[in-house]
Amino acid sequence: MLNKNNFELRKEAKELMHRMTLDEKIGMIHGAELFRTAPVERLGIPALTMSDGPMGVRQEFEPANWKSVGNHDDYVTYLPCNSALAATWNRKLARLTGEVLGAEARGRGKDVILGPGVNIKRSPLCGRNFEYFSEDPFLTKEMAVPYIIGVQNWDVAACVKHFAANNQETQRLWVDVKIDEKALREIYLPAFYDAVQKGNAYTVMGAYNKIYGEHCCQSEFLLNQILRKEWGYEGVVISDWGGVHDTEAAVNSGLDIEMSVTDNFDEYYMAEPLKKRIEKGEISEKVIDEKVIDILVLMKRLHMLDGERKSGTYNTPEHRQAALDVARESVVLLKNSKEKLPLSPEKTKELLVIGENADLMHALGGGSAEIKALYEITPLMGIKMLLGGNTKVTYVKGYCQDLKEENKDKNWQADSLENGGGEMESVNRADEALTRYRRLLREEAVMKAREFDQVIFIGGLNHEQDCEGNDRADMKLPYEQDLLIEELLEANPDTVIVMVGGSPVEMGRWIDRANSVIWSWYAGMEGGRALAEVLFGRTNPSGKLPESFYKTHMDCSAHAWGNFGEKETADYAEGVFVGYRYLEAYHVEPEFCFGHGLSYTSFVYESAELIKENGKAYVECQIANTGKMDGKETIQIYLGPKERTVDLPVRQLKGFEKVFLKSGEKKKLRIEIEGYSENMDVWAGSSLNELKMCAEKKGEP
Ligand code: BGC
């Protein structure tokens, strides 16, 4: 499966492996440093060097200590998070993201980049959702595959993670996922399947959680039966850091490399303890040989052994441009009911910007996805850069996050194996002094909002909530922002509301009164510029939600039906009814539906017909830009059973295409549909709520 000459590569790798001692082999299959295995210098085999993560190449740590090296040579391009990327619905941008990440990883001397994260957003509360693409398996895989191809184009391995059903941080090391196999295969596995089959991902990372009672990183069922046997995967499987719990199970499971967060490298399960078991004859050395062969093949694929390797580079102007291109298309215009947006830069002589997120940098937060960014343009800076010196921009904070004592010498990851490695925490931890301080900030902001014609509020979440090792307790906005927004809209009804975050928040207290609402993600180093361009009409927004924006988390099936939280078992009782699949089938109204996103122009679907040709099915769609601005639209195709039984979703995303249309332009597109059969209806449209059923095209072929 690993391309044409895999057989040859395995043969060569086998010969090399036969020249190795047991110690040398064992050195290759476990961490000898936090992000590196041991080299075999005698035979010219280098160490395998890894780095996080999905949004850029992580800073350098000391080899055996979670202390930053502290040099100034490891700043990098900070790319929009995977949720932002998914909101572009643009496969070319996914490829571009992969290319940048691959080039930068190589440029920084890495062999494996620990991403993309392709876990499904089962609940809006999961702290790592910003690292993941979507609640939908089709959208996830369509974005993940080009991303992986882009990374690996640079002689760097992608590491698709976390395999599998790793959908919460609470009790992340121990939680046992109870799920029916149909849901596992239809919702949680497809992105992994395509990542290895179509993306040819050279490495896969196991997950921390258990599934059917077995830890995923040593799961016979997941790694041997599904990944290795069923899918024929011959790449390298790496454990999550500290995800292995037993020597024998790990060695026999199809896992190749054990990594962890602690510095007792020789005591790792696949280090000395394994050596002893082999020497006693309890475990066969042959099992290790297979692992070493996998790793050597990987090294050959990456040209680590032949000196013909791409060198990569980092922090180029092109990479920063790519970050901007993605950020531009990721912004989602949720609401523009009075068409107050875009604002006019020329007419804006005075502007009031409110909100901590206007002036907050997010790059160096979130857990292992943190980025030491070369720079980060905040929304406030982006707005000021765009408007220039003739507009007076006034900024007030309006709210603030909890004031926490920082312990700069401590890295959370060092202790991350304690307490089950994950918790659920309530976001509002205000004490009296803080409440008073927030009231002052609020009063100042509201008073000022009355004085200004033009007000933009920029709030939402930050990496206190969207963070590894932590789930939210609910979807409520933290730091009393609801109250502030209510009062701002009262003081100045035209206040533009911008939310920044990696997962949705409750908006019910103010959404009906807000005319203009924008969703912006952790959108990388150029995120603030991209947001400003959308606010002031330099970019026509084209982002679409890659997930349902629920009214409250109880409208999500994982909470309404299943469980999620501080229990030993996560019961996925909702089965395949994840995200919009649940909302549609059980008539639950979201605040904003899956696929939703407005534009400053208007698109008309003039026709949408089903075409069957040579065993494949397509939707042929004529679409016109009838508005005044050039813009991009994503045509979404859904399939659903003609005769629905209760165990089937109403419809599911099975195709999409993004298209650019000049004002007044029309285009005809042909979009392939995955998995069509005669007993299905086909819909096309601009979001789940605006679909047209497609009749079959008759007559001409
Ligand atoms: C995370 C992984 C990450 C690894 C290395 C773990 O805690 O779950 O996603 O790649 O650490 O930093």
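Counting starts at 1 for both ligands and their atoms, in listed order. Note that these values count all heavy atoms, side chains included, but never hydrogens, waters or copies made by symmetry.
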Practice problem: Going by the side-chain hydrogen bond (donor to acceptor under 3.5 Å, both in side chains) test, name the single residue among Ser134, Ser503, Ser83 that passes it with Lys121. | Solution: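 Considering Ser134, Ser503, Ser83, a side-chain hydrogen bond (donor to acceptor under 3.5 Å, both in side chains) with Lys121 is found only for Ser83.
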Quiz item: Considering the options Glu135, Glu574, Glu547, Glu169, which one meets the salt bridge (charged side-chain N to carboxylate O under 4.0 Å, His left out) requirement together with Arg122?
Solution: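 So the option named by the test is Glu574.
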Self-check item: Residues Asn462 and His362: side-chain donor-acceptor under 3.5 angstrom
Solution: no
Quiz item: Does a donor on one side chain sit under 3.5 Å from an acceptor on the other, for Glu329 and Thr88?
Solution: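 Distance-only check fails for Glu329 and Thr88.
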Can you tell me which residue and heavy atom of the protein come closest to [atom], and the distance to 0.1 Å?
atom                    : value
atom 11 (O) of ligand 1 : Gln413 NE2, 2.8 Å
atom 3 (C) of ligand 1  : Asp52 OD1, 3.2 Å
atom 7 (O) of ligand 1  : Glu468 OE2, 2.7 Å

Would you say [X] touches ligand 1, if touching means a heavy atom closer than 4.0 Å?
X      : result
Glu131 : no
Met50  : no
Met259 : no

Quiz item: So which bit of Glu370 gets within less than 4.0 Å of ligand 1, heavy atoms only: side chain, backbone, both or neither?
Solution: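 It is neither; nothing of Glu370 touches ligand 1.
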Quiz prompt | Of the listed options Leu114, Asp240, Val261, Ile238, closest to atom 4 (C) of ligand 1 (non-hydrogen atoms) | solution =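 Considering heavy atoms of Leu114, Asp240, Val261, Ile238, the nearest to atom 4 (C) of ligand 1 sits in Asp240.
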Practice problem: Assess whether side-chain hydrogen bond (donor to acceptor under 3.5 Å, both in side chains) is satisfied between Glu370 and Tyr78, documenting all intermediate values. | Solution: CA-CA 9 Å; Glu370 64 176 19; Tyr78 163 36; over 6 Å; no
If the cut-off is 4.0 Å to any non-hydrogen atom of [X], which atoms of ligand 1 fall inside it?
X      : result
Arg58  : 12 (O)
Phe35  : 5 (C), 12 (O)
Arg172 : 7 (O), 8 (O)
Tyr208 : 6 (C), 7 (O), 8 (O)

Exercise. Find out whether Tyr202 and Val156 are in side-chain contact, i.e. whether some heavy atom of one side chain is under 4.5 Å from a heavy atom of the other.
Key: no
Look only at interatomic distance and state if [X] has a nitrogen or oxygen under 3.5 Å from any nitrogen or oxygen of ligand 1.
X      : value
Lys161 : yes
Trp412 : no
His162 : yes

Quiz prompt | N/O donor-acceptor pair under 3.5 Å between Trp231 side chain and Val196 backbone | solution =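 No: the side chain of Trp231 does not pair with the backbone of Val196.
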Practice problem: Verify, without hydrogens or angle tests, whether Asp52 (side chain) and Ala369 (backbone) share a donor-acceptor contact under 3.5 angstrom. | Solution: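 No, the answer is negative, given that no donor and acceptor are paired below the 3.5 Å cut-off.
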Practice problem: Scan Val297, Asp294, Ile29, Leu296 and name whichever one has a side-chain contact (heavy atoms from CB on, under 4.5 Å) with Val236. | Solution: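 The single option meeting the side-chain contact (heavy atoms from CB on, under 4.5 Å) with Val236 is Asp294.
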Quiz item: Step by step, would you call Leu222 with Phe163 a side-chain contact (heavy atoms from CB on, under 4.5 Å)?
Solution: CA-CA 8 Å; Leu222 272 185; Phe163 189 61; 4.0 Å; yes
